[in-house]
Amino acid sequence: MSIALENVLARAGLKADANEFLTLVEDAARRLSPPNPDPSHYFSPDQQAALSDVGLDLRPRDESEPDFRARTVAAHAVLADSALSVGQAAEMLNVDDSRIRHRLKEGRLTGWKDQGWRLPAWQFNGSGVLPGLEVVLRAVPDDQPALVVAAFMNTPQADLVINDRPATPRQWLLAGGDPEPVARLVATLGEPF
């Protein structure tokens with residue numbers, strides 16, 4: 001199992017050994033919702049009736065159904081594994097650690113605390129930060145978790161076209177695209193359609 005997992009991690013470009021990665025997966029699973037929550041528990045009887053009337057199934061997941069959390073747990077583990085520490089980000093940007101913490105405080109970089117700051121890799125381009133990053137980060141709604149923002153930045157958007165193909169916001173910025181369209185799109189995260 002360890003060799004197969006290490007091969008998968010290597011093909012995906014993740015620099016983690018199998019045991020480290022499995023620890024990340026276990027941690028992500030523990031942080032998510034319980035394995036078989038009763039969705040009706042979260043709603044009043046009137047809300048349950050209204051949701052059932054429009055066709056939502058509020059029954060707990062049947063044990064024979066696949067666990068819907070698996071994809072999210074894997075995504076959390078990959079995000080955590082690929083994130084940089086303050087020291088790694090400072091080394092990449094050729095600045096002191098305190099400059100990275102200062103940028104985090106000012107909202108010029110984004111990250112989360114988990115035994116020290118972790119900075120998602122999508123915001124870097126190898127030797128610097130994405131062009132227009134500050135404009136985009138100012139528009140990210142405060143209630144959006146790092147995983148949602150990372151998914152957005154790496155998902156092609158119909159409004160961002162490069163060579164007649166939808167581009168990811170990250171690709172758009174790397175290509176020198178105007179950050180304002182990305183900021184407008186990211187500002188809508190969490191809003192209903």
Would you say the side chain of [Y] lies within less than 4.5 Å of the side chain of [X], judging by non-hydrogen atoms?
X      : Y      : answer
Leu147 : Thr72  : yes
Leu84  : Met92  : yes
Asp159 : Pro181 : no
Thr110 : Leu133 : no
Leu173 : Pro179 : yes
Val129 : Gln123 : no
Arg118 : Val86  : no
Gln48  : Leu51  : no

Side-chain H-bond candidate by donor/acceptor type, Ser98 with Asp96, under 3.5 Å: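 There is such a pair (donor and acceptor under 3.5 Å, judged by atom type) between the side chains of Ser98 and Asp96.
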Between [X] (side chain) and [Y] (backbone), is there a donor-acceptor pair under 3.5 Å?
X      : Y      : value
Gln144 : Pro141 : no
Glu106 : Arg103 : no
Asn125 : Ser127 : yes
Arg170 : Phe124 : yes
Gln157 : Thr155 : yes
Asn154 : Ala150 : yes
Ser44  : Gln47  : yes

If two hydrophobic side chains count as joined below 4.5 Å and joins carry through other members, does [X] share a cluster with [Y]?
X      : Y      : value
Ile162 : Val136 : yes
Leu119 : Val95  : yes
Leu104 : Trp112 : no
Met153 : Leu160 : yes
Val78  : Val149 : no

Pair Thr23-Phe21, side-chain contact (heavy atoms from CB on, under 4.5 Å): steps then yes or no: CA-CA 5 Å; Thr23 299; Phe21 189 77; over 6 Å; no
Enclosure of Asp53 CG (heavy-atom neighbours >12, cutoff 6.0 Å):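 Buried by this count: over 12 neighbours within 6.0 Å.
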Ignoring hydrogens, what is the shortest heavy-atom contact between [X] and [Y]? Give both atom names and the distance.
X      : Y      : answer
Asp178 : Trp172 : O-NE1, 2.8 Å
Gln88  : Ala83  : OE1-O, 4.0 Å
Ala121 : Ser82  : CB-O, 3.4 Å
Pro120 : Gly111 : CD-CA, 3.8 Å

At what distance, to the nearest 0.5 angstrom, does [atom1] of [X] lie from [atom2] of [Y]?
X      : Y      : atom1 : atom2 : answer
Glu91  : Ile100 : CD    : CD1   : 11.0 Å
Glu191 : Thr188 : CD    : OG1   : 5.5 Å
Leu185 : Phe152 : CG    : CZ    : 5.0 Å

